[in-house]
Amino acid sequence: MTAKLTAEAPVRAQAADTLDTYDTAALQQLDAAHYLHPFTDHAALRERGARVIVRGDGVYLWDSEGRKIIDGMAGLWCVNAGYGRASIAEAVHAQMLALPFYNSFFNTTNVPAVKLAALLATLAPPQFQHVFFTTSGSEANDTIVRMVRRYWQLQGQPERQVIISRRNAYHGSTMAGASLGGMAAMHAQGGLPIPGITHIEQPNYAELGQGMSEAGFGLVAASWLEDKILEVGPDKVAAFIGEPVQGAGGVIIPPATYWPEIQRICEKYDILLVSDEVICGFGRLGTWFGCELMQAKPDLIAFAKGVTSGYVPLGGVLVGSRVAHTLIEKGGDFNHGFTYSGHPVACAAALENLRILIEEKLVERVALETGPHLKARFASLVSHPLVGHAETCGLAAGLNLVRRKGATVHDCEAFPPLNAVGMLCRGFMFDNGVIMRAVGDRMIVAPPLSITVGEIDEMVEKIRYCLDLTLDAVKERGLIE
Ligand code: PXG
């Protein structure tokens with residue numbers, strides 16, 4: 001970085017920006033001086049300078065230096081319809097002119113919120129006829145914690161407080177969201193989890209399934225839920241929460257036997273089942289909701305991200321008939337809600353976004369065309385010397401960078417974590433025009449659902465090239481022979 005931070009820096013950045021050129025160095029200086037980013041080591045960021053993203057169209061982004069990048073992560077698992085959808089911008093513009101905001105407290109409602117609630121009831125599995133709106137996935141999960149406890153209170157079992165979640169789950173960054181999540185690094189920094197939340201191991205076959213068939217492992221992993229219920233006491237457990245496929249945890253795809261068995265165990269102990277669909281919802285796995293693919297019948301669904309393709313923040317909870325009936329018929333006031341619950345502009349964006357997903361049959365395309373194509377192309381990357389194994393579900397995929405390949409997923413030798421090979425690889429990807437996320441040494445993609453077969457080929461070719469660069473770099477550093 002060369003530019004000095006001066007009083008006129010903002011003015012310079014602004015003046016240049018109006019000409020559609022960007023003073024990257026000045027923006028980076030201001031960024032480092034004033035902007036605290038989520039999940040970021042700011043000392044390290046200051047050294048490098050933030051990459052400034054300025055434009056998007058389809059599956060592509062452009063940075064302030066004019067570089068074109070294929071966005072393998074759909075923003076952050078959310079831009080399902082792709083960038084540059086003028087009709088969403090127009091719907092938002094029209095709604096802002098008509099009614100930019102009104103609350104849904106005090107016996108009032110607004111047109112987009114009503115229409116969206118009704119549309120979601122037609123898209124979701126049939127037990128879902130009601131929705132509670134929030135602004136984010138974290139707030140959706142906070143709402144779920146409050147709602148399940150209120151439910152059991154109304155059922156005359158207020159001692160049912162405990163929610164069981166899983167290690168390496170991600171459910172958000174608020175106090176309840178981070179507590180439900182199973183990320184040790186988050187717990188360590190916040191004195192979390194809050195009381196009444198406990199965790200079991202994740203259904204990660206590569207990590208924990210040594211010596212077992214996948215199907216057998218799925219049943220074993222589900223049995224950990226029953227063990228935990230018995231340990232806590234069945235009369236104290238309120239709910240189990242899980243992502244159909246763990247996203248931020250590294251695209252961990254459970255064996256097909258896992259979710260039906262989880263469902264059976266929840267029914268056996270009369271425990272509410274919660275599906276966190278913040279990533280899997282709205283087509284990511286080739287079904288509208290991930291629980292449909294996993295053959296589970298949840299009582300509650302958390303959603304966010306893909307409902308608006310991220311154009312405007314919106315999240316919520318789909319409330320199944322069991323909980324909705326109790327809240328409505330027996331509950332009186334549920335003392336919970338947000339200023340922006342049912343925000344008319346966010347709901348207008350969602351309505352237009354969902355219209356696009358439906359009209360362009362993007363969910364069906366994931367199931368029948370783009371998902372299978374990504375699966376085949378990702379499987380082809382296993383021939384690369386650095387790739388131990390690769391797994392795909394719909395348009396979410398992950399591959400493991402390994403020190404030594406093996407005949408099965410359990411025979412591969414990982415790099416020592418301190419080698420940070422995943423981060424190295426991620427750097428090559430970004431520098432060469434493709435965004436992949438690194439979860440340790442697992443490299444993952446979740447592109448917009450609008451991606452074409454040709455764009456998948458382009459993305460995978462870029463990934464292969466960057467894997468070559470990573471291989472050269474790890475050899476140079478003596479991390480591999
Ligand atoms: N549940 C799941 C399953 C998520 O993936 C949230 C809840 C929280 O949503 P909000 O809107 O509050 O962020 C998420 C969010 C990553 C990454 O690095 C993933 C998320 C957020 C930030 C980073 O993969 N998912």
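Heads up: numbering here begins at 1 and tracks the sequence. Order of listing sets the numbers, starting from 1, for every ligand and every atom in it.
- Pairing each heavy atom of Gly290 with each of Leu285, the nearest pair is CA-CD1, 3.8 Å.
- The pair Arg442-Glu207 does not meet the salt-bridge criterion, since no charged nitrogen lies less than 4.0 angstrom from a carboxylate oxygen.
- Taking a heavy-atom cut-off of under 4.0 Å, ligand 1 is surrounded by Leu76, Trp77, Ser136, Gly137, Ser138, Asn141, Tyr170, His171, Gly172, Glu243, Ala248, Asp276, Val278, Ile279, Lys305, Arg437.
- Among residue pairs with one or both ends in residues 175-207, those qualifying as ring-ring contact (aromatic ring centres under 6.0 Å, His included) are His187-His199, Tyr205-Phe217, Tyr205-His410; sequence neighbours excluded.
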Could you pull out all donor-acceptor pairs under 3.5 Å where a side-chain atom in residues 243-253 meets a protein atom, sequence neighbours excluded?
from   : atom 1 : to     : atom 2 : distance (Å)
Glu243 : OE1    : Gly247 : N      : 2.9
Glu243 : OE2    : Tyr170 : N      : 3.0
Gln246 : NE2    : Asn168 : O      : 3.4
Gln246 : NE2    : Gln202 : OE1    : 2.9

Kindly determine whether Asp41 and Arg48 satisfy salt bridge (Lys or Arg N to Asp or Glu O under 4.0 Å), including the steps that lead there.
-> CA-CA 11 Å; Asp41 173 343; Arg48 273 196 308 270; over 6 Å; no
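- Legend: residues meeting salt bridge (Lys or Arg N to Asp or Glu O under 4.0 Å) with Glu201, ordered by chain and number and at least two apart, are Arg167.
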